[in-house]
Number of protein chains: 2
Amino acid sequence: MDTETVASVRRFNRTVTERVGALDESYLGRGRPLGETRLLWEIGPDGVDVRDLRRRLGLDAGYASRLLRSLESERLVVVEPGSPDRRVRRARLTAKGRAERGELDRLSDGLAASLLEPLEQSQRARLVAAMDEVERLMRASLVTITVADPADADARWCIEQYFAELGERFEDGFDPAISIAAPIDELKPPTGLLLVAHLRRQPVGCGALKLRPGRPVELKRMWVSPEVRGLGLGRKLLRELERHAAAAGADTVRLETNRSLTEAIALYRTAGYREVEAFNSEAYAHHWFEKRL
Amino acid sequence: MDTETVASVRRFNRTVTERVGALDESYLGRGRPLGETRLLWEIGPDGVDVRDLRRRLGLDAGYASRLLRSLESERLVVVEPGSPDRRVRRARLTAKGRAERGELDRLSDGLAASLLEPLEQSQRARLVAAMDEVERLMRASLVTITVADPADADARWCIEQYFAELGERFEDGFDPAISIAAPIDELKPPTGLLLVAHLRRQPVGCGALKLRPGRPVELKRMWVSPEVRGLGLGRKLLRELERHAAAAGADTVRLETNRSLTEAIALYRTAGYREVEAFNSEAYAHHWFEKRL
DNA sequence: TCCATTGTCTGACTCTAGTCAAAGAGTATC
DNA sequence: GATACTCTTTGACTAGAGTCAGACAATGGA
């Protein structure tokens with residue numbers, strides 16, 4: 001990576017942390033330690049299980065407990081045994097807590113506005129546009145791809161979303177019963193493999209392989225959540241899947257797809273897949289592709 | 001400011017602090033508290049007076065002293081009485097300190113690169129371009145304008161830069177002796193006023209008024225440092241000067257300028273100045289402008 | 001029923017990043 | 001030479017943010 005590029009990034013980091021960091025830390029305190037504020041914020045209007053809260057913020061159990069006690073003593077939060085498991089406690093905001101959270105929300109808005117405030121109208125528009133671009137691209141680089149157990153909640157959620165989208169986009173809807181089955185529990189070694197992409201612990205995409213010894217690997221269940229489309233996640237997933245296929249000893253990857261999935265088809269073509277004769281009788285397929293690894 | 005704009009800024013803040021902040025704080029530690037690292041960095045290859053160091057980082061005297069002791073005990077820094085004033089101590093890096101600082105530099109580079117690393121080539125280019133834009137505009141919003149004593153080092157530096165630039169840009173060079181004098185020490189109340197713009201405590205621009213009771217205010221010494229041009233600082237300075245002129249009771253502002261200063265002329269025109277007959281015999285002037293406040 | 005596991009709470013501790021006041025050493029000014 | 005002032009150091013203190021181990025209560029299986 002060339003020096004000028006790195007220098008740009010370093011300049012950016014410096015200016016932005018100076019400007020954004022300083023504001024955030026000083027103004028959002030509201031006389032309360034920042035840790036408590038973060039907690040108050042994350043509890044959200046509907047309450048959360050303390051366990052999830054801890055996991056989401058990466059807090060030590062003891063520390064989290066103490067922070068909650070402190071928020072409780074300010075009457076901003078109540079913590080009560082959850083159901084059905086009474087060990088997992090649930091934190092909820094009180095009316096006062098919700099009011100305080102609303103106040104924080106307003107403050108954050110004000111803070112954001114104060115970043116733009118010293119600028120001319122046209123400069124503001126340019127800044128916001130550039131911020132959107134930076135944010136999108138950084139978000140893209142925060143996506144992680146991991147091998148998942150198809151029984152995981154996140155994995156199942158992705159596959160549900162995938163089916164739901166097929167139902168919307170296929171001309172005649174989509175009924176999994178008519179499609180060639182790739183039973184979900186086969187998508188783990190040794191018969192298959194499932195990758196799930198996460199962004200900030202939220203699942204945002206998936207892709208799977210069907211592995212059968214001596215036969216080409218089949219690519220299945222490629223899905224990218226609408227909120228992260230256009231960031232190259234599809235291509236990244238595809239590359240990862242191919243890597244796993246090669247590692248499993250395959251020399252060919254195959255897939256079939258429906259003509260309505262135009263961006264997927266474009267992706268396959270630019271990734272080196274070439275269209276081949278139908279190699280199965282999938283009811284919903286119009287195109288069959290193959291790539292030698 | 002509309003909701004979508006504010007939401008964009010908030011999204012940006014969140015993603016960027018998560019991505020940049022986390023990296024910065026964890027990786028740049030090198031087993032040393034961050035405060036010490038900052039100090040090490042700021043001392044720089046040539047050493048600094050402890051007093052300046054403290055002022056630059058905004059540190060408490062006691063705290064700074066302790067940090068320096070700690071760096072000294074690691075043999076990264078030596079602090080010795082300065083000359084000529086032996087109260088003002090001077091901090092210098094040892095060879096080990098310079099090596100360590102170099103290491104930090106390399107780490108920062110790596111960190112910057114790691115932000116780009118997960119992206120495709122074309123996405124990288126877009127990210128860097130957007131970062132440059134954000135950085136420039138945020139830098140613009142960090143500029144502060146204050147009334148300065150013309151005897152201040154920063155003020156004198158700006159005016160020197162201004163003369164130097166005139167020397168370069170005027171077709172026949174510039175000799176202050178031939179120009180109508182605006183003796184520098186007149187640029188303070190009640191005979192005048194000098195504004196200096198700072199960016200991170202560095203002077204980056206200036207502008208002055210000559211005030212004479214019962215006569216139009218004269219605008220002088222408008223200069224913007226090349227590194228912040230194109231960010232609207234000139235217009236901002238001009239507005240501030242007009243504000244001060246009005247506050248001093250003036251109803252008219254006048255100025256003369258050289259034809260080679262095209263962007264300044266454009267600025268005056270769009271700011272409501274209209275060209276008038278020559279009202280003085282300034283040797284270097286080709287245009288005279290006036291604005292009623 | 002017993003027992004390992006999970007989730008939470010508490011007390012005791014650490015480290016970082018400060019602040020504040022007093023005092024010493026040097027310098028400037030009368 | 002006395003005195004005021006500046007720069008720095010030192011000691012004593014604080015708050016925030018977090019770690020770690022032990023205790024205890026629910027839960028899930030064998």
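Residue numbers start from 1 in every chain, and the chains themselves are labelled A, B, ... in the order their sequence lines are given, proteins ahead of strands. Hydrogens, waters and symmetry mates play no part in the numbers below; they use all other heavy atoms, side chains included.
- Here C:dG7 presents its P atom at 15 Å from CZ of A:Arg90, a figure rounded to the nearest Å.
- Salt-bridge annotation for A:Glu4 and A:Arg11: present, with a side-chain N of the basic residue lying under 4.0 Å from a carboxylate O of the acidic one.
- At whole-Å resolution of the value, CZ in B:Arg54 and P in C:dG18 are 15 Å apart.
- Atoms CZ (B:Arg89) and C1' (D:dT9) sit 9 Å apart, rounded to a whole Å.
- Taking atom CG of residue B:Leu68 and atom C1' of nucleotide D:dC7, one finds them 13 Å apart after rounding to whole Å.
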Margin query: Strictly under 4.0 angstrom, non-hydrogen atoms only: write out the protein contact profile of nucleotides 17-30 of chain D, one letter per nucleotide from the 5' end, B, S or -.
Written below: SBBB-----BS---
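- In this structure, CG of A:Leu39 is placed 15 Å from P of D:dG16, rounded to the nearest angstrom.
- A salt bridge links B:Asp109 with A:Arg10: the closest approach of a Lys/Arg side-chain nitrogen to an acidic carboxylate oxygen falls below 4.0 angstrom.
- Rounded to a whole Å, the CZ atom of B:Arg51 is 17 Å from the P atom of D:dC5.
- Ion pairing between A:Arg92 and A:Glu80 holds under the 4.0 Å rule for side-chain N and carboxylate O.
- With respect to A:Met131, the side chain to side chain contact (heavy atoms under 4.5 Å, CB included) criterion is satisfied by exactly one of B:Val134, B:Val16, B:Thr5: B:Val134.
- Put simply, CZ on A:Arg56 is 16 Å from P on C:dG7, counting in whole angstrom units.
- Between A:Asp52 atom CG and C:dG7 atom C1' there is a gap of 12 Å when expressed in whole angstrom units.
- Judged as a side-chain hydrogen bond (donor to acceptor under 3.5 Å, both in side chains), and not counting sequence neighbours, the contacts of A:Glu135 are A:Arg139, B:Thr15.
- Of the charged side-chain nitrogens involved, none lies within less than 4.0 Å of a carboxylate oxygen, so that A:Arg136 and A:Glu133 do not count as a salt-bridged pair.
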